[in-house]
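Down below is the structure, laid out as structure tokens.
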There are 2 protein chains.
Amino acid sequence: MRKDVHTDGTPRLCVSCDARHKGICGALDQEQLVALAKTSHKQHAESGTELLGDAERINTYAVVLSGVVKLAKTLSDGRQQIVSLQFAPDFLGRPFKSESALSAEAATDVSLCTFPKAALERLMQASPELERRLYRQALDELDQAREWIVTLGRKTAGEKIASFLLMIARNIDPSADPDRDSANFELPLTRADIADFLGLTIETVSRQLTRLRADKVISIENNRNVVVPSLARLEARAGN
Amino acid sequence: MRKDVHTDGTPRLCVSCDARHKGICGALDQEQLVALAKTSHKQHAESGTELLGDAERINTYAVVLSGVVKLAKTLSDGRQQIVSLQFAPDFLGRPFKSESALSAEAATDVSLCTFPKAALERLMQASPELERRLYRQALDELDQAREWIVTLGRKTAGEKIASFLLMIARNIDPSADPDRDSANFELPLTRADIADFLGLTIETVSRQLTRLRADKVISIENNRNVVVPSLARLEARAGN
DNA sequence: CTTGAACTTTGATCTGGGTCAACGCGGAGG
DNA sequence: CCTCCGCGTTGACCCAGATCAAAGTTCAAG
């Protein structure tokens, strides 16, 4: 009996993978999934590892299995801006371009499922369903990016921080009941990363967090663990 | 002989249309093009017309034939941010969502080729090639949006203005020789629109333009006509 | 337990760009 | 011709957030 395939025909690698259902792999039938899994492997990277450099040649794609990946651009004088955060089970890659215009770095410890560019592209030809999933994700990311443009262009520092916390809460609160008004999560980013994401400085980020804490909108333990008693109250601070 | 179809079988409407080659319609064969053209019509709107309200139900898509369309979000207290400018021959619409999260307004006089949502969706099912074009445009817009995130998050007012002028020059300079270092174009936006696009105020936009003029990086006639003697020098001001 | 390095907070001061106010200019309408 | 009105420019002043400086925390390593 084959070791790499589970009894029901699902590849070992995929059995407990979110992307299998909610991510792009949900578009594949059993046979296609097995084919892709054959060329894939699980990769771990610890926080801070550079996964892909700016202007680097891309020859693999990946799916985020756990953790958070930040995509950033750096100006020639060193100013940096994080342009997107990728959570599980997001697809990581830029079809139709051979070079990355961004750098990708592990914001937390992450695990990825990587596979060769060519393998996905072959599947894309065969499966319009797969391509449609990728298209949908691109559109969702475009919506998010535009949301972020508003935040960066027109919100105050305090509103930016509140918007950021909300976004994180929505993406990684383990108690993922969307009806609950409270949330509780681990910040995946350092203050420096938050600053690079919001177009602020570390000091401003810290001061605004302090203010939210003083106003009892949030509480923070160990610098990373955030408790939000009322998401509605946090939302009121986000200025939409 | 049919009046709506040109002698070679290309619909009248499409004969001189850029989208036919460079836009999404290039993905269609003659028969599909005729089918789509049958449900399409050319629409003109003058500068300032609202084409689509925020949270409005979408039941048509369009292609920009000429002019510039601005996509914007407005916060509840009235602050506005333009999140994208669409030029010919861009596709206008958000597949897979029935409601717009943005408002669309004609920034200049525009002409559009509109067609029912359903017509495009039917074609998309039939033509993976069409879906791929749409996917590519979404990815390109995502790249642009991320470029803009960097501009909004990390650039100074002066750099924002320079970046904006470069972007416009690249999109609408009629003397479209990419090797020439000079450019000459009509600004499609008022100072107020530029401010809403760059996350600045009207006054700051005006002052920065004045400064670029004083430094002989650009010259402006009639408030709208911009001459850039050296794009390289303008680029140096954009701080990438 | 101590040390040290990385991260975070807090305070004092400065400044880029916002705000408020006045003026200039060009085209449409009388 | 003048007068309005919608833009655009310019100046004076102010403030949110940057910068500079100094402590305070946290945590892993010794």
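The shown structure was predicted, so the numbers you read here are calculated from the model rather than taken from an experiment. Just so we're on the same page: letters track the sequence lines, and every chain starts at 1.
Nearest-nucleotide assignment on DNA chain C puts the 5′-proximal partner with A/Ile202, out of A/Ile202 and B/Val205.
Heavy-atom neighbours of A/Glu46 CD from other residues, nucleotides or ligands within 6.0 Å: at or below the threshold of 12.
The nucleotide whose nearest atom lies closest to any side-chain atom of A/Asn223 is, among C/dG17, C/dT9, C/dT19, C/dT9.
Straight-line distance from the CG atom of A/Asn225 to the P atom of C/dC7: 19 Å, rounded to whole Å. Separating the CZ atom of A/Arg224 from the C1' atom of C/dT9 is a distance of 15 Å, rounded to the nearest angstrom. Counting to the nearest Å, the P atom of C/dC14 and the CD atom of A/Glu203 are 16 Å from each other.
At a threshold of 4.5 Å between non-hydrogen side-chain atoms, the residues B/Asn223 and B/Arg191 count as touching. Between A/Lys42 and A/Cys113, every side-chain heavy-atom pair lies at or beyond the 4.5 Å cut-off. Using a 4.5 Å heavy-atom cutoff, the side chains of A/Ile24 and A/Val63 are in contact.
Under the 4.0 Å criterion applied to side-chain N and carboxylate O atoms, B/Arg136 and B/Glu141 are not assigned as salt-bridge partners. Salt bridge status for A/Arg233 with A/Asp215: absent, with no side-chain N to carboxylate O gap under 4.0 Å. With respect to the salt-bridge test (charged N to carboxylate O, under 4.0 angstrom), the residues B/Lys70 and B/Glu105 qualify.
Once you apply a 4.0 Å limit to the heavy atoms of chain B, the touched nucleotides of DNA chain D run 5' to 3' over D/dG8 to D/dA12.
Not counting sequence neighbours, the partners of B/Asp140 by the side-chain hydrogen bond (donor to acceptor under 3.5 Å, both in side chains) test are A/Arg94. Every residue was checked against the ring-ring contact (aromatic ring centres under 6.0 Å, His included) condition with B/Phe87, not counting sequence neighbours, and none meets it. Judged as a salt bridge (Lys or Arg N to Asp or Glu O under 4.0 Å), and not counting sequence neighbours, the contacts of A/Arg79 are A/Asp77, B/Glu159. A/Lys155 is linked by a salt bridge (Lys or Arg N to Asp or Glu O under 4.0 Å) to nothing, counting only residues two or more places apart in sequence or in another chain. Applying the salt bridge (Lys or Arg N to Asp or Glu O under 4.0 Å) test to A/Glu203 and every residue at least two apart in sequence or in another chain returns nothing. Remark: A/Arg170 pairs with A/Glu235 by the salt bridge (Lys or Arg N to Asp or Glu O under 4.0 Å) rule, at least two apart or across chains.
For the residue pair B/Ser230/B/Asp181, the side-chain donor-acceptor check at 3.5 Å is satisfied. Residues A/Ser111 and A/Ser66 have side chains that bring a donor and an acceptor to within less than 3.5 angstrom of each other. In this structure, a donor-acceptor pair under 3.5 Å is absent between the side chains of A/Thr210 and A/Gln208. Using modelled atom types, one finds no donor on one side chain facing an acceptor on the other under 3.5 Å when comparing B/Ser47 with B/Thr108.
Of the residues in residues 208-216 of chain A, those lying under 4.0 Å from DNA chain C by heavy-atom distance are A/Thr210, A/Arg213. Residues from residues 150-169 of chain B placing a heavy atom under 4.0 Å of any atom in DNA chain D do not occur. Using a 4.0 Å cutoff on non-hydrogen atoms, the parts of residues 191-201 of chain A near DNA chain D are A/Gly199, A/Leu200, A/Thr201, ordered by number.
Listed pair A/Ser206 / C/dT9 meets the phosphate criterion, a side-chain N or O lying under 4.0 Å from OP1 or OP2.
Each end of the helix from C/dC1-D/dG30 to C/dG30-D/dC1 yields a helix axis from five base pairs, and these two axes differ in direction by 30° (to the nearest 10 degrees).
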**OP:** Sugar-phosphate means primed atoms, P, OP1 and OP2; the rest is base. With that split, encode nucleotides 23-28 of chain C 5' to 3' as B, S or - using protein heavy atoms under 4.0 Å.
**Re:** ------
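Looking at A/Asn171, its side chain does come within 3.5 Å of a backbone N or O of A/Met167 through a donor-acceptor pair.
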